[in-house]
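Okay, structure first, notes after.
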Amino acid sequence: MLLKIGDLAKSTGLTVRTLHHYDSIGLLTPSARSEAGYRLYNRADVGRLHAIQAMRHLGLSLADIGAMLEGGGEGLPGTIARQIRGLDHEITRATELRARLQLLQSRLAAGSAPDMDDWLSTLLLMNTFSKYFSADELKSILENRKAQSAAWDLAIADARQAMHDQCPADSPRMQALALRWMNLTLAMMNDDFNLIDRWGQMYSAEPTEQFKNGPGREVVNFVNAAITLRVAAMLRHMTLAELRTLRTVPDEAVQRVKEQARALIAENTAPDAPAARALLENWLALMDAISGHNRALLCKVIEAYQLEPLLQGTTVFDTPTIDYIKRALIAQKHPLADALRPKDFAS
């Protein structure tokens, strides 16, 4: 049985124009012609057409289908694999676009109805961010930044005041501020130094006018001068790879340890008493979290703070807490006491 082109088109849902195109490119050539010159298709032609349409539904191009059919299907695995990769890429792009639209929607919803300037500035900022971060990365960063809003406002205000006062980068005041700045940045970036690197690249390369709520490049450079000195001091006691494994801990946990220490100091509790042992355990838990549960690295951190004048007195803990912790380490004969300098306890 032979089918005319109109009948084949009707039975398959294709157009006559499509079948003409398939014929013109050699993809589906009818096996016969009528005396009047009409195209006629036999069973083998129909089977080939079914194969063509099946592969079209897989997303294969007509060129790929033709090459595969001419090769007896030998290129099918590779062709399908390539199409799967292409589909995966498109899915990734669509997912990324959806996430960016949701992020844009959230930013615009955070305020009142946006005017034209709001739209333009938000779109410009989102475009800038997209050069350096994925939508998921950016969503996390901005959510963290929002949660830290009050702490950042205070740190930026303190930095501007210090800059106005021409505070030296190596002063205790600036070093304490540098530590706060570093910890806020680490927490905002989920302790990911790769994100921090990209954030720094963005802030250096892009116009700071886009970052309306940011500190401005002048303030950032001022604080970075103090951070650079601080990092250099740490690197005299550990490698850069080790430094980049250090983590932040919640402010609330630090505050609990400080309050616990103050209570023991107020009660004149002996540094080897059970309550002092409990304090030391809590302090060690925080320090292990900071050092990634690497006691060798923790010893290096303690050593750096003991031996580097720049770092002394500028930890997340206040001086009374640190002094009591030192006494507890010695009194309880803890191995970490070896990292402390004897002169600290000479008196």
Side-chain angles (χ1 to χ4, degrees), residues 100 103-104 106-112 114-234 243-244 246 248 251 310-311 314 316:
R100 290 194 185 282
L103 189 58
L104 178 59
S106 298
R107 286 183 61 81
L108 292 173
S112 56
D115 57 21
M116 180 63 73
D117 287 340
D118 291 329
W119 273 107
L120 293 176
S121 61
T122 300
L123 290 169
L124 176 61
L125 186 59
M126 293 302 297
N127 183 57
T128 297
F129 281 142
S130 69
K131 299 177 187 177
Y132 301 88
F133 306 100
S134 71
D136 285 341
E137 289 172 337
L138 186 55
K139 182 175 184 293
S140 177
I141 291 170
L142 294 182
E143 286 178 350
N144 291 341
R145 179 61 174 79
K146 183 178 180 180
Q148 298 173 322
S149 181
W152 269 116
D153 288 346
L154 181 58
I156 292 171
D158 288 347
R160 287 175 176 154
Q161 185 61 51
M163 187 166 63
H164 177 269
D165 297 341
Q166 298 183 338
C167 189
D170 61 353
S171 65
R173 175 181 172 186
M174 274 307 299
Q175 284 303 307
L177 176 59
L179 178 62
R180 286 167 56 199
W181 200 279
M182 291 168 69
N183 284 341
L184 281 171
T185 303
L186 270 170
M188 184 172 74
M189 303 294 171
N190 297 315
D191 293 326
D192 188 334
F193 276 87
N194 179 267
L195 293 181
I196 292 175
D197 290 342
R198 281 185 270 152
W199 187 269
Q201 292 166 8
M202 179 186 71
Y203 221 87
S204 297
E206 304 294 338
T208 54
E209 293 77 12
Q210 298 180 55
F211 313 111
K212 295 181 179 180
N213 298 322
R217 185 165 294 150
E218 189 177 7
V219 172
V220 169
N221 291 340
F222 180 75
V223 176
N224 278 346
I227 291 175
T228 298
L229 292 178
R230 193 172 191 87
V231 170
M234 296 293 288
L243 178 66
R244 290 169 71 94
L246 296 178
T248 55
D251 289 339
L310 183 82
L311 303 178
T314 60
V316 293

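Remember, it's a predicted structure, so these values are computed and weren't measured experimentally.
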Which atom names give the shortest non-hydrogen contact between R180 and A155, and what distance separates them? NH2-CA, 3.4 Å
Side-chain touch Y132/E137, heavy atoms, less than 4.5 angstrom: no
Can you list every pair that meets salt bridge (charged side-chain N to carboxylate O under 4.0 Å, His left out) and has a residue in residues 186-197, with sequence neighbours left out? D197-R244
Return the minimal non-hydrogen interatomic distance between A159 and V223, and the atom names on each side. CB-CG2, 3.7 Å
Start with the C-alpha gap between W199 and T185, add the side-chain angles, then the distance that decides, and say whether side chain to side chain contact (heavy atoms under 4.5 Å, CB included) holds. CA-CA 10 Å; W199 187 269; T185 303; 5.7 Å; no
Distance col, row L310:CG vs Q175:CD, nearest 0.5 angstrom, shows 3.5 Å
Which heavy-atom pair separates A169 from A226 by the least distance, and what is that distance? O-CB, 3.6 Å
Would you list the pairs meeting ring pair (Phe, Tyr, Trp, His ring centres under 6.0 Å) in which at least one residue belongs to residues 160-197, sequence neighbours left out? W152-W181
Could you please spell out the steps behind the side chain to side chain contact (heavy atoms under 4.5 Å, CB included) verdict for D136 and S140? CA-CA 6 Å; D136 285 341; S140 177; over 6 Å; no
Output the distance between atom CG (N183) and atom CG (D251), rounded to the nearest 0.5 Å. 8.0 Å
Minimal non-hydrogen separation, P215 against Y203, with atom names: CD-OH, 3.4 Å
To the nearest 0.5 Å, what is the distance between CZ (R230) and CE (M182)? 6.5 Å
Measure the CD1-CE distance between I227 and M234 for me, rounded to the nearest 0.5 Å. 13.0 Å
If we count only N and O atoms by modelled type, under 3.5 Å, do the side chains of Q161 and D165 hold a donor and an acceptor together? yes
Distance from N144 atom CG to M189 atom CE, nearest 0.5 Å? 9.0 Å
To the nearest 0.5 Å, what is the distance between CZ (R198) and CD1 (I196)? 11.0 Å
Test item: I156 and R160 side chains (from C-beta on) under 4.5 Å apart, heavy atoms: yes
Apply side chain to side chain contact (heavy atoms under 4.5 Å, CB included) to the pair M174 and L177, showing each step before the final yes or no. CA-CA 5 Å; M174 274 307 299; L177 176 59; 4.0 Å; yes
